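Take this structure first; my questions come after.
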Amino acid sequence: MAVKDIRISGKLVQFLGAICVNFGAIVYGLVVGWPSATMPILSSAESPLPSGPLTKEEVSLINSIMALGGMAGALIFGWMANRYGRKWPLVAGMMPQVIAFILIACAQNTSYLYTSRFLSGVSGGALFVLAPIYVNEISENSIRGMLGSILGIFYNVGVIIAYVICAYMSFYSVPYVALGLLALFSLYIFFPESPQYLLLKQEDAKAEKSLKFFRGFSRDDQVKLEFESLKSSVAPTSTKTSITIQDFKPATTRKALLVTYILICGRNFSGVFPLMNYTVDIFEQAQTGIDPHISAIIVAVIQLAGTIVSAYYTDKSGRRILLIPSLVGVGLCLTVIGVYFFLNERGYDLSAVSWLPLVFLSGTLFLAAAVLNIPVYVLSELLPAKIRSPVATVYMATAWPTTFLIVQYYTPLADLLGVYSCMWIFAGWCFFEAVFAYFMLPETKGKSPDEIVLALEGKIK
């Protein structure tokens, strides 16, 4: 019983560390959900901004400019990660978020909103590069996937909070809620730097102390064995030596680079981000007869449920078994939504199936939890320790401009080609990624770094 209690206490510390590092994800989710309920108000005659209602072009730029900030944040704080660690760069990365909400609290015109959204993107770039790496490096193999899912759960909680408070609170009150939530992130400073990073910097004593902290101080024998195994796998990849072309020569590394890049691209090309930014608008266009704000909240709650279910089964069933069916499901849901909009634009009477957009958009976002979250922590699992941070930085930095373009031009493209065309394009990518993952993605559930290399080689099924 004593051993079991000690083991639980070690896992509890890891859960607390993962929770605290991901408090920033709640605020980021609020930032992502904020436009959906806020932009229709700011675009109306009742706009609270002294400068007056926003134009369509201004709304698109406010929605999308955050992605350019994300690119800057990924590059800046990703570069810092291999030099100053995972912990303190992430703490610094949350500071722009504080300034962003202060700007909204005193906004007078669109310049305040542009700057605010860009700064929120900078913090988002830092969060999505550093938080998954930190959580991966403090986690035991048996719960690594579950802890990695906390990022997605908290993100979706933030989206729900945004949909609710932005619909029912005044524009200038919302930032104070966000700042209060952001204060919880300060608890993260009480946790140590990750043991893997300290080993990469050849600070063995600090690394062992950190590992003991996250495993329970009384498990000295087990911690010693894990520490020696971790040390032997990390030793050849010390950050004291520069990254060279040789680090990318192994076939397993190149395969890991390809797989993770396609999966990260899928977070954008699945269409989830524009769906979340324009949820209220989509329901207004669908003419379901249900309050668009209520519909958006229902969808967000269902997406949170999907994230929780995905988190629970990530370490139970595995990454592949969740990701591949989820991609197929999202593709089918988007196809059906596209058919609805196609028929609606052709003048067919769809009153008998007016519930369909709510049901299938809910299904899309329920299943999209795996599509959004699994690639983030699979990236930190598949990539070797030495190149993990730089590659994650490059991938995230290239993903953010894609997000910008998709969110910025979703509305003009939907106006030009029809909403149904956009849905079918997103669905096509989901089907492609599902086939790709089936043939190329190895299972990483419960595997050590050495076992993941064997899985990439095809020696472990």
Side-chain angles (χ1 to χ4, degrees), residues 32-33 35-36 39-40 56 59-60 63-64 67 156 159 163 262-263 265-290 292 295-296 298-300 302-303 306 323-372 375 399 402-437:
V32 171
S36 183
M39 290 301 105
K56 266 192 173 184
V59 169
S60 291
N63 281 342
S64 59
N156 283 295
V159 171
Y163 286 172
I262 293 295
L263 297 189
C265 286
R267 299 178 79 247
N268 278 314
F269 296 138
S270 62
V272 177
F273 291 131
L275 290 178
M276 293 178 67
N277 274 275
Y278 295 102
T279 303
V280 172
D281 284 340
I282 289 171
F283 280 120
E284 286 178 346
Q285 293 178 53
Q287 302 173 351
T288 62
I290 306 171
S295 298
I298 292 171
V299 167
I302 291 173
Q303 184 180 14
L323 180 61
I324 296 171
S326 295
L327 285 164
V328 174
V330 170
L332 291 173
C333 287
L334 290 172
T335 300
V336 173
I337 295 171
V339 171
Y340 179 93
F341 275 98
F342 178 80
L343 296 176
N344 189 48
E345 290 187 21
R346 294 298 184 277
Y348 287 88
D349 180 11
L350 301 176
S351 57
V353 290
S354 60
W355 47 265
L356 192 145
L358 176 60
V359 171
F360 280 89
L361 187 55
S362 298
T364 297
L365 295 181
F366 180 88
L367 296 169
V371 179
L372 289 178
T402 307
T403 305
F404 170 81
L405 292 172
I406 290 176
V407 175
Q408 172 73 13
Y409 294 107
Y410 167 78
T411 298
L413 196 62
D415 290 342
L416 178 65
L417 302 177
V419 174
Y420 57 89
S421 297
C422 295
M423 298 299 155
W424 290 340
I425 291 169
F426 294 143
W429 172 273
C430 291
F431 294 135
F432 157 74
E433 188 181 342
V435 174
F436 176 87

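Computed from a predicted model, the values in this text were never measured in an experiment.
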**Prompt:** Is there side-chain contact between L413 and C422, with at least one heavy-atom pair below 4.5 Å?
**Reply:**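 Contact flag for L413/C422 side chains = yes.
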**Separation of I425 CD1 from S270 OG (nearest 0.5 Å)** =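 S270 atom OG to I425 atom CD1 measures 13.5 Å (nearest 0.5 Å).
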**Message:** Return the CG to CG distance between L372 and N268, rounded to the nearest 0.5 Å.
**Reply:** 9.0 Å
**Request:** Quick one: pull up OG in S64 and CD1 in I406 and give me the separation to the nearest 0.5 Å.
**Result:** 11.5 Å
**Complete:** In short, L332 meets F431 closest at the heavy-atom pair N-CZ, 3.7 Å
**Complete:** Note: L323 and A370 closest approach over all heavy atoms is CD1-O, 3.8 Å
**Request:** Under the side-chain contact (heavy atoms from CB on, under 4.5 Å) rule, what do L356 and L350 come out as? Steps first, then yes or no, please.
**Result:** CA-CA 9 Å; L356 192 145; L350 301 176; over 6 Å; no
**Minimal non-hydrogen separation, F366 against I302, with atom names** =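 Looks like CD1-O, 3.3 Å.
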**Asked** Could you walk me through whether K56 and D415 pass the side-chain contact (heavy atoms from CB on, under 4.5 Å) check?
**Response** CA-CA 12 Å; K56 266 192 173 184; D415 290 342; 3.6 Å; yes
**Fill in**
What one should report as the nearest heavy-atom pair of T364 and C333 is OG1-CB, 3.1 Å
**Request:** Would you please indicate if the ring centroids of W429 and F426 are separated by under 6.0 Å?
**Result:** no
**Prompt:** Atom CD of E433 and atom CZ of F269: how far apart are they, to the nearest 0.5 Å?
**Reply:**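 With rounding to 0.5 Å, CD (E433) is 10.5 Å from CZ (F269).
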**Prompt:** Do Y410 and V419 pass the side-chain contact (heavy atoms from CB on, under 4.5 Å) test, and can you show the C-alpha distance, the side-chain angles, and the key distance before you say yes or no?
**Reply:** CA-CA 9 Å; Y410 167 78; V419 174; 3.9 Å; yes
**Request:** Describe, in one word, how the ring planes of Y420 and F342 are oriented to each other, choosing from parallel (under 30°), tilted (30 to 60°) and perpendicular (over 60°).
**Result:** perpendicular
**Request:** For residues A369 and Q303, report the shortest heavy-atom separation together with the two atoms involved.
**Result:**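 Answer, listing the atom of A369 first, then Q303: CB-O, 4.4 Å.
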**Item:** Closest contact, heavy atoms only, P35 versus N63
**Value:** CB-OD1, 2.8 Å
**Asked** Can you name the one residue among I337, V339, L334 that meets side chain to side chain contact (heavy atoms under 4.5 Å, CB included) with W424?
**Response**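 Of all the options given, the one that passes is V339.
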